[in-house]
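Chain A is the first sequence line, chain B the second, and so forth, proteins listed ahead of strands; every chain is numbered from 1.
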4 protein chains.
Amino acid sequence: MIKTKIKDTELVKKRQKQICRGAMKVFQKKGYHDASIREIAKSSRISLGSLYDYIEKKEDILFLVHNNILEELYRDYEEIGDKYGNYINKFIKLVREGFYNTSFFREELLFIYTETKSLDKENRQEILKKESSYVDFIEGLIEEGNRQGVFECKKPGIYANILTFLLIIIPLRGWNILPRFSEEEMLEELISMILKGLNVKGEPYIPK
Amino acid sequence: MIKTKIKDTELVKKRQKQICRGAMKVFQKKGYHDASIREIAKSSRISLGSLYDYIEKKEDILFLVHNNILEELYRDYEEIGDKYGNYINKFIKLVREGFYNTSFFREELLFIYTETKSLDKENRQEILKKESSYVDFIEGLIEEGNRQGVFECKKPGIYANILTFLLIIIPLRGWNILPRFSEEEMLEELISMILKGLNVKGEPYIPK
Amino acid sequence: MIKTKIKDTELVKKRQKQICRGAMKVFQKKGYHDASIREIAKSSRISLGSLYDYIEKKEDILFLVHNNILEELYRDYEEIGDKYGNYINKFIKLVREGFYNTSFFREELLFIYTETKSLDKENRQEILKKESSYVDFIEGLIEEGNRQGVFECKKPGIYANILTFLLIIIPLRGWNILPRFSEEEMLEELISMILKGLNVKGEPYIPK
Amino acid sequence: MIKTKIKDTELVKKRQKQICRGAMKVFQKKGYHDASIREIAKSSRISLGSLYDYIEKKEDILFLVHNNILEELYRDYEEIGDKYGNYINKFIKLVREGFYNTSFFREELLFIYTETKSLDKENRQEILKKESSYVDFIEGLIEEGNRQGVFECKKPGIYANILTFLLIIIPLRGWNILPRFSEEEMLEELISMILKGLNVKGEPYIPK
DNA sequence: AATGAATGAGAATTCATTCAT
DNA sequence: CATGAATGAATTCTCATTCAT
């Protein structure tokens with residue numbers, strides 16, 4: 001995807017990870033635009049010239065970082081579906097994991113949400129495709145719930161979008177929420193709301 | 001707030017509005033960082049020198065634009081509460097208006113969400129305060145609903161945050177939603193979900 | 001032709017001349033490619049930022065210099081035709097002037113001949129057009145000589161090209177000629193050869 | 001001349017030829033300054049590191065190319081003198097061959113004429129010496145013609161310079177000539193002019 | 001002898017901001 | 001109050017050359 005001057009693909013992976021790590025530190029402090037390539041090189045402990053052997057342009061670093069964050073965030077999400085007992089618990093577990101994940105990567109996700117626009121069209125679409133596929137995964141789960149008769153959700157596509165959107169409420173609105181409420185409280189209300197929205201059969205979910 | 005060299009406050013207002021309008025056009029096309037002051041001046045039909053009589057630094061323009069967008073967005077929201085018949089309809093109406101509003105200002109809101117970080121601490125907090133006060137207003141409505149016995153919401157503060165967050169789902173996730181669903185569909189599901197979440201008494205809301 | 005950020009056209013002319021002069025000094029010493037914009041700015045006694053208010057890119061400076069040199073070189077060439085007595089003398093005078101001119105601008109012409117290639121297509125063509133028009137002028141003179149019956153030249157277009165080419169022999173081959181022969185000697189032989197080539201009627205030209 | 005790290009002189013020759021060929025392709029497309037060593041290495045199918053075993057610096061490649069072109073251009077010129085019948089025909093033949101040669105190597109010669117300046121003093125002088133020696137050869141021919149009584153040329157050194165200069169009119173001014181005239185036409189006029197200039201005894205040369 | 005990864009100096013260009021008029 | 005010319009620090013990126021393997 002990213003054009004490099006280096007042939008050894010193992011090395012490319014290693015160095016790009018190195019650059020990615022270095023860049024994230026700088027981006028955290030200064031944001032993408034105010035981070036200079038020189039700083040990123042220094043923070044990556046790589047020379048300016050070498051850095052450009054592993055990327056083509058500054059934006060490529062942003063792409064690397066995007067990919068890296070999404071990879072961490074979405075790591076193993078497909079396995080989660082298999083682990084837990086009955087379907088509703090499975091689902092609750094999934095929301096819970098997703099929420100903790102997004103909260104854990106709070107700053108990274110905020111970064112992604114504010115800087116995806118700085119990618120060029122092609123790279124942006126690749127990133128959005130990854131996010132899309134997570135929504136699709138959730139949509140599939142909701143449909144399965146419908147089939148199993150535990151949910152009754154008319155528009156799984158829309159709900160999947162709402163649900164994944166709600167998961168990032170902490171990264172995007174934490175500044176207003178966290179001074180007053182804990183992540184736990186937020187999560188419990190979210191789960192309750194989501195389950196109600198899905199018209200779960202049986203006992204309503206009682207927030208702890 | 002913004003330090004100007006000009007004393008005539010009426011003129012300052014007029015020119016700042018002029019700058020704001022010019023800047024928004026440029027920001028739309030290029031984003032904040034890639035918009036040069038020269039372009040903004042040209043687009044505002046004001047000379048480069050004059051521009052700096054009405055602002056101190058580039059960031060001030062971003063602040064002007066933020067204020068302007070939020071003002072448009074939140075214009076008259078307090079009146080809405082008064083207009084409509086019973087409380088639930090009132091509430092539905094409010095959500096509906098809010099949703100249409102945010103969808104109408106879709107690009108502007110996306111801009112705000114991605115560029116608030118570029119404001120310095122002081123200006124950023126002033127902007128966030130405005131957003132906060134909208135959440136507070138919603139929180140107040142929910143509490144009133146509780147008092148009137150039409151809602152049963154244990155954590156109005158959290159719900160207010162969820163609700164206001166959901167209103168901007170189109171600006172932030174429209175890229176994934178709008179290719180598959182209409183704004184109308186989205187809105188109906190949102191209303192239904194929100195009302196369920198608030199444990200509204202009586203008939204459940206049926207999405208159109 | 002060159003896009004500037006400055007509106008005052010008089011000032012643009014003045015500054016561009018200033019830049020042109022400064023650049024020529026640097027080009028003389030280092031050539032076009034090894035001359036840095038910084039040096040050119042310094043040599044022009046203009047700040048780096050200001051320099052870029054009067055040009056768009058480095059190549060524009062090359063274009064300015066080209067134009068300037070050709071202007072000096074071709075200054076008043078059209079008037080020369082009118083000044084002198086009989087047609088042959090007129091012609092000889094013209095060759096003489098042309099030769100001295102090119103010899104005077106020896107370094108500048110060598111520069112042009114080696115760096116025209118560095119202009120982009122559009123600018124290069126504009127420069128070549130100027131050179132063309134001088135050839136056309138010479139062609140006209142030869143045709144007039146034919147009409148007046150003092151020359152008998154079958155292919156004035158070709159001769160005009162040969163003649164103008166011969167005029168730059170000093171700039172291009174001076175390194176081999178001047179150590180052994182004087183410019184005068186060269187010139188006399190050129191005139192003699194050219195007149196023979198044109199089949200001038202009457203007494204042959206005797207080189208001094 | 002060029003300092004190499006490799007001892008095997010046969011290999012050095014082979015690789016330098018290889019580099020030369022690769023470089024010429026790149027120079028053709030981009031010119032000397034815009035050709036990067038990387039590209040040249042790739043075009044020569046030699047590794048970047050190896051390349052520097054056979055040259056010391058970029059300029060050395062330019063020198064190799066210069067030499068190579070001049071070698072091709074001047075290949076066998078000394079033999080030509082011997083081949084043809086009477087002296088004038090011999091001479092005409094020589095001019096003809098020289099002209100076709102320079103036209104054939106049109107782009108290469110233009111390259112040489114515009115880039116010799118990029119050689120350092122030492123290398124430049126070596127190249128110029130080669131060109132000089134061709135002029136000297138022509139000078140010798142003219143003197144021989146004088147001795148044989150077929151020419152009457154007072155300044156063979158000057159004429160040799162003029163003549164060799166005229167031979168490169170196509171590479172240097174083809175852009176203005178070739179759109180209107182054929183190489184053949186040009187050549188015929190050149191021969192006619194040169195012979196007149198040499199005061200050839202007997203019938204004048206009639207251009208075809 | 002061959003490879004290709006590493007280096008950092010230096011290039012062109014942009015741009016927010018100031019200031020003389 | 002308005003204008004727009006002037007400034008120079010800072011930015012991204014390139015490239016000849018070196019060196020460890």
Return the pairing partner of E:dT21 with a 3.5 Å limit on both distances, Watson-Crick or G-U wobble; otherwise return none.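 Per the H-bond distance test, F:dA2.
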Does E:dC15 pair with anything, Watson-Crick or G-U wobble, both distances under 3.5 Å, and if so, with which nucleotide? F:dG8
Residue whose nearest DNA chain E nucleotide is more 5′ - D:K5 or C:K57: D:K5
Indicate yes or no: does [X] engage [Y] in a salt bridge with an N to O separation below 4.0 Å.
{"X": "A:E39", "Y": "A:K29", "value": "no"}
{"X": "B:K117", "Y": "A:E115", "value": "yes"}
{"X": "B:K130", "Y": "B:E71", "value": "no"}

Within this structure, what is the [atom1]-to-[atom2] distance between [X] and [N], rounded to whole angstrom?
{"X": "C:I19", "N": "E:dA12", "atom1": "CD1", "atom2": "P", "answer": "14 Å"}
{"X": "A:R38", "N": "F:dT12", "atom1": "CZ", "atom2": "C1'", "answer": "9 Å"}
{"X": "C:D53", "N": "F:dG8", "atom1": "CG", "atom2": "P", "answer": "13 Å"}
{"X": "B:I46", "N": "F:dC1", "atom1": "CD1", "atom2": "C1'", "answer": "11 Å"}
{"X": "A:K7", "N": "E:dG4", "atom1": "NZ", "atom2": "P", "answer": "4 Å"}
{"X": "A:L48", "N": "E:dG10", "atom1": "CG", "atom2": "C1'", "answer": "11 Å"}
{"X": "D:D34", "N": "F:dA16", "atom1": "CG", "atom2": "C1'", "answer": "14 Å"}
{"X": "D:R15", "N": "E:dT3", "atom1": "CZ", "atom2": "P", "answer": "8 Å"}

When D:E59 and C:L11 are each assigned the nearest nucleotide of DNA chain F, the 5'-most assignment goes to C:L11
5'-most contact on DNA chain F: B:D8 or C:L51, nearest heavy atom basis?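 Closer to the 5' end of DNA chain F: B:D8.
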Taking any heavy-atom pair under 4.0 Å as a contact, classify [X]: base, sugar-phosphate, or nothing.
{"X": "A:I6", "answer": "sugar-phosphate"}
{"X": "A:S50", "answer": "base"}
{"X": "A:A35", "answer": "sugar-phosphate"}
{"X": "B:S47", "answer": "base"}

Test B:Y54 against every option in B:L11, B:I61, B:D60 by the side chain to side chain contact (heavy atoms under 4.5 Å, CB included) rule and name the one that passes. B:L11
Kindly confirm or rule out a cation-pi arrangement of B:K58 over B:Y52, judged by NZ or CZ under 6.0 Å from the six-membered ring centre and within 45° of its axis?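 The answer is no; the distance or angle limit is not met.
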If you check every side-chain atom of D:K58, which of E:dA16, F:dT17, E:dT3 has the closest atom?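 Among E:dA16, F:dT17, E:dT3, the one nearest the side chain of D:K58 is F:dT17.
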Is A:Y54 near enough to E:dA6 that one of its side-chain N or O atoms lies under 4.0 angstrom from OP1 or OP2?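 A:Y54 to E:dA6 OP1/OP2: side-chain N or O found under 4.0 Å.
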B:Y52 vs E:dT17: side-chain N/O to OP1/OP2 distance below 4.0 Å: yes
